[in-house]
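The first residue of the sequence shown is numbered 1, and numbering continues consecutively from there. Just the heavy atoms: all of them, side chains too, but no hydrogens, waters or symmetry mates, feed the values below. Just so it is clear, the model here is predicted, and its values are computed rather than measured.
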Amino acid sequence: MNILVLGSGGREHTFAHQLAKSERCKNLFVAPGNAGTAAFATNVALSVTDFSAIEKCVVDNDIEMVIVGPEDPLVQGITNYFAETHSLKKVKIIGPSKRGALLEGSKERAKEFMMAHNIPTAAYASFTSESLEAGKSFLETLSPPYVLKADGLAAGKGVLIIEDISEAKEELEAMLGGKFGGASTTVVIEEFLDGIELSVFVLTDGKNYKVLPTAKDYKRIGEGDKGLNTGGMGAISPVPFADATLMQKIEERIVKPTVDGLKKEEIDYKGFVFIGIIKVGDEPLVIEYNVRMGDPETEVVLPRIKTDFVDLMEATYEQNLDIMPIEIDPRSAATVMLVSGGYPEAYDKGKKITGVENVVDSIVFHAGTKLDGDDVVTNGGRVIAVTSLDEDYKKAIKKSYQSCEKITFDRMYYRTDIGFDL
């Protein structure tokens, strides 16, 4: 089978890595890919939101399956485009329809979905520029800190948590005034929940589902979970505190109602549901939905899936997940993200990366890299994810840190406390 993965980050390298293990994967393409995917797949220089270019690539290369990595093409309706385009109708595309993708594309829509299907979440209200004063009044009914979320996609920067009421009102006005462009024409204000977070990943064919391994990622740039938010500085799987009791609550109160809600609303959804959960006391509540795998969580979740990944994706498309067994590696996985100096603010690109060939006990997933002649150089803020497996997460993280020491590039930085809070 000829397969195309859309995207260029660590998530997509991990997808490609899993697919390449399958005897059923004949030719593998990644668009646009990175230096890591170039080692065993064909990179195709195109934009993930250029649907006509993707169509040409699929037709020219007899692609039979497409796996969509990032959220942008899903929110823009790539799955619908495939369904409506004659030359693409038989291609097995993994990703929800445009309606399904609204669970990530609109915070307000996600909240409405949760409320409609009795899925536990924080209390909220939505506001536009026309209801700015009502929004300020609503803030006064809450206790600090105050949570403000841009309704649309804002490249991971659209959520603000603010301690001061005056600052919260100023930020609400700024957001509704275009601080995040069209993403914040509507702002969702939420009750703050105090607890510990985890990510639950579900693969669904729209009727049936499989709960994949849990993960916990670390968003802050600094040690001790301080400093600016990033796309993710590391992750572990499984989550130590996600015991059988908690997971039963999550499945019964959140996962099943989510999949049932998709069915009730007749939403075409074949792909991943990333459920951001916060454990408050002993109770799980939903923070948000994403309609694709997370990054760097993918780098610890997928390496633990032993089932043939092509078979798993095909069962998702064919709606046969109920009869598809899934085997999970009982070992723990831990990943550490190597980032460019200055990230998540201004950073340089084009720094030569050395030492990757010396890593033998871990898997190196490329994120922001590219080839420059024979050299692999940095091409993003998050550059490389170093993933290890071992009998427990402490041993896995130790192994990843030992491997990190073998890789170098100018101003390379990584957190040295991933998993230490558990």
Side-chain angles (χ1 to χ4, degrees), residues 49 70-77 96 98-117 119-195 197 219-221 226-232 265 267 274-278 280 285-292 294 343-346 381:
T49 54
E71 63 274 19
D72 277 350
L74 294 169
V75 171
Q76 292 186 34
K98 192 171 185 177
R99 277 185 70 212
L102 267 180
L103 287 180
E104 179 169 359
S106 168
K107 298 288 193 300
E108 183 178 39
R109 163 62 178 145
K111 282 290 192 178
E112 290 170 349
F113 181 88
M114 289 181 237
M115 292 296 175
H117 302 290
I119 296 164
T121 188
Y124 82 103
S126 301
F127 302 94
T128 64
S129 57
E130 295 177 352
S131 54
L132 171 61
E133 293 307 316
K136 290 180 179 180
S137 297
F138 182 71
L139 283 168
E140 291 175 356
T141 69
L142 303 174
S143 300
Y146 308 95
V147 182
L148 280 65
K149 295 183 176 181
D151 177 58
L153 298 179
K157 298 176 182 177
V159 178
L160 303 179
I161 300 174
I162 301 164
E163 292 287 344
D164 181 73
I165 183 71
S166 297
E167 184 185 349
K169 290 178 179 180
E170 289 173 7
E171 285 291 351
L172 175 63
E173 190 164 352
M175 290 173 76
L176 292 174
K179 178 172 182 174
F180 297 110
S184 61
T185 53
T186 296
V187 173
V188 174
I189 300 176
E190 277 190 2
E191 161 198 21
F192 178 79
L193 298 175
D194 189 14
E197 296 181 25
K219 290 291 186 192
R220 302 283 184 172
I221 188 68
K226 293 182 171 61
L228 296 173
N229 261 329
T230 73
E265 296 191 22
I267 293 171
F274 167 166
I275 310 175
I277 288 175
I278 187 165
V280 180
L285 292 88
V286 177
I287 301 172
E288 65 177 356
Y289 288 117
N290 290 328
V291 296
R292 35 73 192 182
Y343 176 79
E345 298 185 295

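Atom CG in Leu172 sits 11.0 Å away from atom NZ in Lys179 (nearest 0.5 Å). Note that the CE atom of Met114 and the CG atom of Leu285 stand 10.0 Å from one another [nearest 0.5 Å]. In this structure, Leu74 CG and Glu104 CD are separated by 8.0 Å, a value rounded to the nearest 0.5 Å. Rounding to the nearest 0.5 angstrom, the gap separating the CD atom in Glu265 from the NE2 atom in His117 is 3.5 Å. Atoms CD1 and OG1, on Ile189 and Thr141 in that order, are 8.5 Å from each other to the nearest 0.5 Å. Here the straight-line distance linking atom CD of Glu171 with atom CG of Leu139 works out to 11.5 Å at 0.5 Å rounding.
Within the structure, no pair that satisfies the salt bridge (charged side-chain N to carboxylate O under 4.0 Å, His left out) test touches residues 119-132, not counting sequence neighbours.
Between Tyr124 and Glu191 there is no side-chain heavy-atom pair separated by less than 4.5 Å. No side-chain heavy atom of Leu228 sits under 4.5 Å from any side-chain heavy atom of Arg220. Counting only heavy atoms from C-beta outward, the side chains of Phe113 and Leu103 approach each other to under 4.5 Å. Residues Val286 and Ile275 form a side-chain contact, since some pair of their non-hydrogen atoms from C-beta on lies under 4.5 Å apart.
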Pair Thr185-Thr128, side chain to side chain contact (heavy atoms under 4.5 Å, CB included): steps then yes or no: CA-CA 6 Å; Thr185 53; Thr128 64; over 6 Å; no
Verdict with supporting geometry, Met175 and Leu160, side chain to side chain contact (heavy atoms under 4.5 Å, CB included): CA-CA 10 Å; Met175 290 173 76; Leu160 303 179; 3.8 Å; yes
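A search for salt bridge (charged side-chain N to carboxylate O under 4.0 Å, His left out) contacts involving Glu173 returns Lys136, not counting sequence neighbours. With sequence neighbours left out, Glu197 forms a salt bridge (charged side-chain N to carboxylate O under 4.0 Å, His left out) with no residue at all. Residues forming a side chain to side chain contact (heavy atoms under 4.5 Å, CB included) with Thr49 (at least two apart in sequence, or on another chain): Ser47, Asp72, Pro73, Gln76. Shown here are the salt bridge (charged side-chain N to carboxylate O under 4.0 Å, His left out) partners of Glu345, two or more places apart in sequence or in another chain: there are none.
Although no hydrogens or angles enter the test, the distance criterion places no donor-acceptor pair under 3.5 Å between the side chain of Ser184 and the main chain of Thr186. A donor-acceptor pair under 3.5 Å is formed between the side chain of Asp164 and the backbone N or O of Ser166.
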Got a list of side-chain donor-acceptor pairs under 3.5 Å for residues 145-155, not counting sequence neighbours?
residue, atom, partner, partner atom, Å
Lys149, NZ, Glu190, OE1, 3.3
Lys149, NZ, Glu190, OE2, 3.2
Lys149, NZ, Ile287, O, 3.2
Asp151, OD1, Ser106, OG, 2.8
Asp151, OD1, Lys107, N, 3.0
Asp151, OD1, Glu108, N, 2.8
Asp151, OD2, Ser106, OG, 3.3

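Using a 3.5 Å distance cut-off with no hydrogens or angles, the side chains of Ser126 and Lys111 do not pair a donor with an acceptor.
Separation of the Phe138 and Phe127 ring centroids falls under the 6.0 Å cut-off.
Crowding of Lys98 atom NZ: a count of heavy atoms from other residues, nucleotides or ligands under 6.0 Å not exceeding 12.
Closest non-hydrogen pair, Ala110 versus Tyr289, comes out as CB-CD1, 4.2 Å.
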